[in-house]
Asks: 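Pasting a structure below so you can have a look.
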Amino acid sequence: MLNRGRNIEKGRVITRRMFILAAAKILLFAGISSRLYNLQISDREKYEILSDKNRIREWRTPPQRGIIVDNFNKVLASNDRVFQLHLILDEINDFDVTIFKIKNIIGLDQFQIKKLYKKKERLKPWDTLVVSDNLTWEQFSKINLYLHELEGAKPVLSTSRFYPYANDLVHIVGYVGDASPKDLEKPEIKENFVPGLKVGKYGIENSQEKMLIGNYGIKRYEVNASGKRISQIDYIKERQGDKVKLTIDIEIQKYAQELLKGKAGSICVMDIYTGEVVAMASSPTYDPNKFTHGINEKDWQEIRNNPLKPLINKSIAGLYSPGSTFKPLVALAALEYGILDPNKTIRCKGHKHPYELYGIKYHCWKKEGHGYMKLRNAIKQSCDIYFYEMARLLGVDKLSIIAKRYGLGTNVLGETYNDEKNGLVPDTKWKRRVLEQSWYLGETVINGIGQGYIQTTPLQLCLMTAQIANGGYKIKPHIIKNDSINYKDVINKIKLDQSNFPLHTRNYLDEINIDYYKRMYHKKSNVNFVLDAMFGSTNEQYGTSYKSRYDDPKYQFAGKTGTSQVRKITDLDRELDLDTEQIEYKKRDHALYVAFAPYKNPRYAISVIIEHGGSGSKAAAPLASKLIKRIIDRHKLREQFNNGNTSLA
Amino acid sequence: MLRERIQASNYSFLDKLRSIDYLLILLIIAIGSISVFAIYSTEGGKFSFYTKNHIIRLSVFFSLFLVLSFVRVSTWYKNAYFFYFIGLVLLITVLFFGISASGATRWINLYFLNLQPSELMKIAVIICFARYYHRIQSSDIQSIKFLIQPIVLLIIPCYLVIQQPDLGTSILIAGSGIAIIWLAGLNIKYFVYSGLLLLVSLPFAISILKPYQKSRILTFFNPDRDPLGAGYQIIQSKIAIGSGGFFGKGYLKGTQSYLEFLPEKHTDFIFTLFSEEFGFLGSIILLFLYILLIYRIINVGLVSRSFFAKLYCFGFATAIFLYVFVNIAMVLGMLPIVGAPLPIMSYGGSSLLSIMLGLSIVMSCKIYSQEQISAY
């Protein structure tokens with residue numbers, strides 16, 4: 001019985017303990033349930049996002065770059081079809097073997113293979129390696145032939161930037177290339193970047209990136225844990241970049257470039273009313289297409305080491321003393337300030353009796369001297385002595401106001417080119433501030449013939465000429481077509497204004513910044529005087545560019561030559577009086593020429609600079625003459641086209 | 001005593017059929033069917049290797065369960081120590097002749113099945129302890145002499161299993177053993193003291209752990225420590241379960257599993273897959289089925305007359321609870337990742353075999369519930 005009692009007690013203990021355990025189990029199961037509730041109901045959204053992040057991967061697809069066209073809608077930068085070879089890395093078992101096979105098929109050199117291995121290291125295992133982004137048709141068809149042997153290889157038809165006018169436009173349009181870390185910092189690139197996308201490196205391609213780049217597309221794929229694409233879920237199409245239209249006339253540009261062949265220099269052509277840059281040639285030049293797929297070392301060195309510096313856009317980044325092309329502006333300044341009566345006579349006695357100031361001698365370029373000169377003749381024959389005296393009377397500060405007002409000393413195209421130079425128009429304040437020296441009168445004297453501190457770009461000289469030629473009105477130069485300006489209105493406004501009455505306010509002469517399409521002159525007659533003198537310089541005997549004239553009034557133009565010294569002329573040089581060909585290239589003078597055409601009812605301004613070309617009348621003016629004919633021949637077409645009649649192009 | 005034995009042997013077959021716990025069988029069939037669907041889903045909705053194997057094993061072991069249910073409970077009682085002994089021999093065999101996979105040596109190749117003796121040991125320990133405490137008088141239970149023996153009996157297999165290494169199974173074996181010691185009525189103070197001792201020795205225990213075990217434990221406390229390495233499993237598991245929401249992503253639509261983000265989805269992480277596809281609702285229903293299963297097993301223990309049957313049923317119920325709890329808590333990120341399958345649901349022959357074996361003993365307890373077992 002005792003045993004039985006014990007057994008009952010034992011049974012009770014077991015049952016009691018079982019119930020305690022059961023209670024604990026219920027508690028723990030409740031814990032699990034609440035955890036499930038937490039994960040699946042409270043935090044559901046968070047985990048859903050994480051799950052989608054896991055399974056959905058986005059691939060950005062590159063957009064097509066916007067095209068660039070000229071004034072006549074001729075395509076200057078297009079997207080051409082190219083043949084590429086891509087490798088899908090996660091489909092490849094043995095990378096070495098695949099590369100070896102590809103090497104044998106398309107012929108890669110050791111350097112390229114090394115580059116591919118480096119590139120591969122930076123990629124994720126599910127990424128795509130671009131083996132070549134520009135295969136020839138032959139290579140491409142060979143790859144297709146052997147495709148069954150190449151795991152993971154994918155021949156791709158893609159597009160890449162192409163410049164049909166290659167060398168003729170590189171300084172204006174620029175080129176594209178792979179984005180550098182610095183490029184990626186720019187917001188417009190950062191926002192729209194897709195690996196492998198080419199971005200603008202220079203010129204319009206660079207500065208108009210925002211317009212041209214477009215928006216990438218998005219392909220969403222469901223992927224598995226190892227990153228393999230399972231299915232496409234979504235595809236947002238990419239948007240091509242916007243078209244950029246330039247004011248350039250490619251025919252004139254091409255011709256200008258041709259005229260500069262073999263020389264270093266620049267030619268700029270501008271519409272004197274609208275401010276449209278019609279041509280902006282710089283020589284020597286190079287092929288932008290070479291940069292699209294990465295230029296090879298040899299070509300790069302060749303461009304870089306060329307002593308004529310093809311990489312510099314001489315039209316906006318080349319700085320030159322304007323030389324005698326500055327004289328019309330000096331004359332205009334002197335007249336505007338009433339410094340000098342144009343009938344004042346000064347005698348130029350030649351090298352034997354030069355102009356003297358505080359014991360320093362200033363020579364005219366003409367050895368035998370010009371004799372008695374009045375202002376018109378001094379401009380026409382480019383007499384330095386007359387201008388020495390005039391500049392002395394005028395003073396550098398007044399001259400600098402007029403020079404700045406007419407477009408010298410600040411960049412012309414604003415933000416369009418980041419390499420455009422401002423040039424320099426010196427005055428006494430500038431010298432004190434920058435050089436911390438006081439101004440010498442001698443410096444004023446040589447400033448009067450466009451030498452000394454003054455530095456201008458060819459495009460500035462073109463703008464200066466344009467703004468004198470249009471009667472002294474401020475224009476807004478640009479190279480990107482601006483449809484918001486009504487050109488007809490602008491032209492009419494300027495042409496109809498041309499008011500004769502003088503402005504008597506003194507302040508008006510001190511103002512550098514004038515509103516666009518407003519008059520800059522003080523007296524109309526002063527501008528007309530200078531224009532007439534420039535006419536004489538080209539179309540009358542003894543004029544410096546008389547040989548380049550046209551007698552046909554349709555083509556008749558007026559201009560001013562310039563010869564800018566690159567070093568100080570010594571007495572020895574004067575005695576030797578060598579021809580241009582006899583002087584070492586680097587020491588030869590720059591040849592300059594500015595002109596506007598046609599003389600009656602002018603429309604275009606042109607500036608020509610030939611580096612180390614010798615005299616302006618021999619080296620620069622004939623080129624301008626040839627180009628002016630072409631410009632005027634095309635004027636009607638341009639006019640009609642700009643007025644909306646596009647069928648003529 | 002003699003009368004009772006005669007009485008027991010006189011059960012007619014009809015009596016036996018009548019006393020079968022049909023609800024228990026129904027529950028086994030229900031969980032078994034769910035497991036087939038789940039395994040089918042791990043293969044992305046293709047009827048291939050795992051699904052086929054799982055169905056074959058389920059039907060074979062379920063039949064085995066039905067047949068063994070009619071074995072007298074006294075037979076289990078008599079052979080309890082023998083089972084334990086066989087389990088030990090198998091564990092030692094593994095130590096020398098076992099086959100390895102992913103760094104662990106846990107299996108014996110039986111040609112038709114890779115047997116995992118540690119799984120069988122889970123049941124053997126329960127039977128062995130049930131028998132041990134069946135005959136001990138309640139007054140003797142508290143004495144050190146009778147306490148030493150079960151502790152030694154527990155430490156040997158646990159040590160052997162840890163050597164494989166398999167921390168998870170070893171903990172589960174120890175857990176079931178301790179549960180029976182508790183049920184038998186050992187004074188609570190022992191549990192409290194040993195619990196405190198465990199806590200104190202924890203730093204020391206961690207220092208002797210294998211590096212991968214250490215990293216698992218560290219990862220448990222902070223899964224983001226190594227999101228692509230040790231923490232990957234738990235992070236992906238939580239994402240899968242959490243993204244399932246209330247109704248789940250739908251059958252065969254669990255993106256986490258079919259896109260292969262889930263590791264070991266047909267074994268330890270089968271609950272994750274199920275929960276991703278069937279959501280909170282499905283998970284709770286599955287959990288409820290397990291609770292019912294445990295309840296039925298306890299119920300058998302309650303109606304059994306012998307201490308052996310009671311101890312076994314309560315012990316086995318606790319063991320099932322432990323397996324379910326450890327597995328689910330693990331995939332929910334509440335416990336460190338230790339290899340612990342979900343009973344019946346997880347793919348794996350040995351685990352299924354041991355569960356079915358254990359359930360057949362429960363059923364035998366039910367059929368022979370009136371049988372008194374005298375101390376042999």
Side-chain angles (χ1 to χ4, degrees), chain A residues 2-57 124-125 221-231 233, chain B residues 133 136-139 141 179 182-186 188 232 235-236 238-246 248-249 254-256 258-263 275-276 279-281 283-284 287-288 290-291 294-295 298 301-302 305 307 310-311 313-315 317-318 321-322 324-325 328-329 332-334:
Chain A
L2 189 72
N3 196 17
R4 193 176 182 84
R6 273 185 193 152
N7 276 350
I8 289 167
E9 172 59 23
K10 189 176 171 186
R12 275 195 190 139
V13 167
I14 291 174
T15 309
R16 191 169 65 235
R17 293 247 164 147
M18 185 276 292
F19 276 115
I20 295 172
L21 258 185
K25 286 173 197 170
I26 288 169
L27 225 71
L28 288 174
F29 269 140
I32 282 185
S33 305
S34 72
R35 173 73 166 184
L36 272 172
Y37 180 87
N38 238 325
L39 288 176
Q40 298 193 298
I41 293 171
S42 312
D43 286 348
R44 178 201 179 155
E45 255 174 61
K46 173 182 148 195
Y47 287 107
E48 256 177 1
I49 291 166
L50 285 172
S51 158
D52 279 347
K53 255 192 183 168
N54 258 346
R55 74 184 180 98
I56 296 170
R57 195 158 291 151
K124 305 226 168 58
Y221 285 94
E222 187 166 61
V223 296
N224 69 10
S226 45
K228 199 178 166 72
R229 296 179 203 190
I230 305 294
S231 62
I233 299 172
Chain B
Y133 280 108
I136 296 175
Q137 302 292 333
S138 39
S139 52
I141 283 175
W182 160 266
L183 287 165
L186 185 68
I188 291 178
Y232 181 79
I235 291 172
Q236 294 301 341
K238 275 161 73 182
I239 291 174
I241 294 169
S243 62
F246 187 78
K249 291 180 183 166
T255 55
Q256 283 283 99
Y258 96 80
L259 296 172
E260 290 155 27
F261 289 99
L262 265 191
S275 193
E276 184 187 16
F280 182 70
L281 191 65
S283 308
I284 291 295
L287 213 56
F288 185 66
Y290 278 114
I291 291 171
I294 291 165
Y295 163 72
I298 289 173
L302 283 173
R305 291 188 67 181
F307 292 133
K310 276 183 192 293
L311 284 170
C313 287
F314 296 159
T318 308
F321 164 79
L322 272 180
V324 172
F325 175 76
I328 295 181
L332 290 176
M334 299 162 81

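Because the structure is predicted, anything quoted here is derived from the model rather than measured. Sequence lines set the chain letters: A, B, ... in the order given, protein chains first and strands last, and positions in each chain run from 1.
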Asks: Which bit of B:A317 comes within less than 4.5 Å of chain A, counting heavy atoms only: side chain, backbone, both or neither?
Replies: both

Asks: What part of A:E222 lies closer than 4.5 angstrom to a heavy atom of chain B: side chain, backbone, both or neither?
Replies: side chain

Asks: Between B:I284 and A:S33, is the side chain to side chain contact (heavy atoms under 4.5 Å, CB included) condition met? List the steps.
Replies: CA-CA 7 Å; B:I284 291 295; A:S33 305; 3.9 Å; yes

Asks: Of the backbone (N, CA, C, O) and the side chain (C-beta and beyond), which part of B:L281 lies under 4.5 Å from a heavy atom of chain A, both, or neither?
Replies: neither

Asks: Would B:I239 and A:N54 satisfy side chain to side chain contact (heavy atoms under 4.5 Å, CB included), going step by step from the backbone distance to the final call?
Replies: CA-CA 9 Å; B:I239 291 174; A:N54 258 346; 3.9 Å; yes

Asks: Among A:L36, A:I49, A:I26, A:V13, which residue forms the greatest number of heavy-atom pairs with chain B at distances under 4.5 Å?
Replies: A:L36

Asks: Treating A:R44 as the side-chain partner and B:G245 as the backbone partner, does any N or O pair qualify as donor plus acceptor under 3.5 Å?
Replies: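 Here the side-chain-to-backbone pair does not exist.
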
Asks: Counting heavy-atom pairs under 4.5 Å to chain A, which of B:L186, B:V324, B:I328 comes out on top?
Replies: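 So the answer, after comparing B:L186, B:V324, B:I328, is B:L186.
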
Asks: Among B:F314, B:F246, B:F280, B:Y258, which has the most heavy-atom pairs under 4.5 Å with chain A?
Replies: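 Of the candidates given, the most pairs with chain A belong to B:F280.
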
Asks: For the backbone of B:M334 and the side chain of A:R35, can you confirm whether one donor and one acceptor N or O come within less than 3.5 Å of each other?
Replies: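 No.
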
Asks: Please look at B:Y133 and chain A and tell me whether the side chain, the backbone, both or neither of the residue comes under 4.5 angstrom of a heavy atom of that chain.
Replies: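 Backbone only.
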
Asks: Heavy-atom cut-off 4.5 Å, strictly under: side chain, backbone, both or neither for A:L28 against chain B?
Replies: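 Its backbone and side chain both get close to chain B.
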
Asks: What part of A:I14 lies closer than 4.5 angstrom to a heavy atom of chain B: side chain, backbone, both or neither?
Replies: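 Both parts, backbone and side chain.
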
Asks: Between B:K238 and A:Y47 (side chain of the first, backbone of the second, donor and acceptor by atom type, cut-off under 3.5 Å), is there such a pair?
Replies: no

Asks: Measure the CG-CD1 distance between B:L183 and A:I20 for me, rounded to the nearest 0.5 Å.
Replies: 9.5 Å

Asks: How many angstroms lie between atom NZ of B:K249 and atom OG of A:S51, to the nearest 0.5 angstrom?
Replies: 3.0 Å

Asks: If I measure from the heavy atoms of chain A, does B:L262 come under 4.5 Å with its side chain, its backbone, both, or neither?
Replies: neither

Asks: Taking every heavy-atom pair that is under 4.5 Å apart, which of B:I141, B:L311, B:T318 has the most such pairs with chain A?
Replies: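 Maximum pair count with chain A is reached by B:T318.
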
Asks: Distance from B:S243 atom OG to A:K46 atom NZ, nearest 0.5 Å?
Replies: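 With rounding to 0.5 Å, OG (B:S243) is 12.0 Å from NZ (A:K46).
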
Asks: Let's test your reading of the structure: which of A:R16, A:E45, A:M18, A:K25 forms the most heavy-atom pairs below 4.5 Å with chain B?
Replies: A:K25

Asks: Kindly compute the distance separating CD (B:Q256) from CG (A:L50), expressed to the nearest 0.5 Å.
Replies: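 Answer for the CD-CG pair, B:Q256 versus A:L50, is 9.0 Å.
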
Asks: Sort B:I294 into side chain, backbone, both or neither according to what part of it lies under 4.5 angstrom from a heavy atom of chain A.
Replies: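 For B:I294, the side chain is the part near chain A, not the backbone.
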
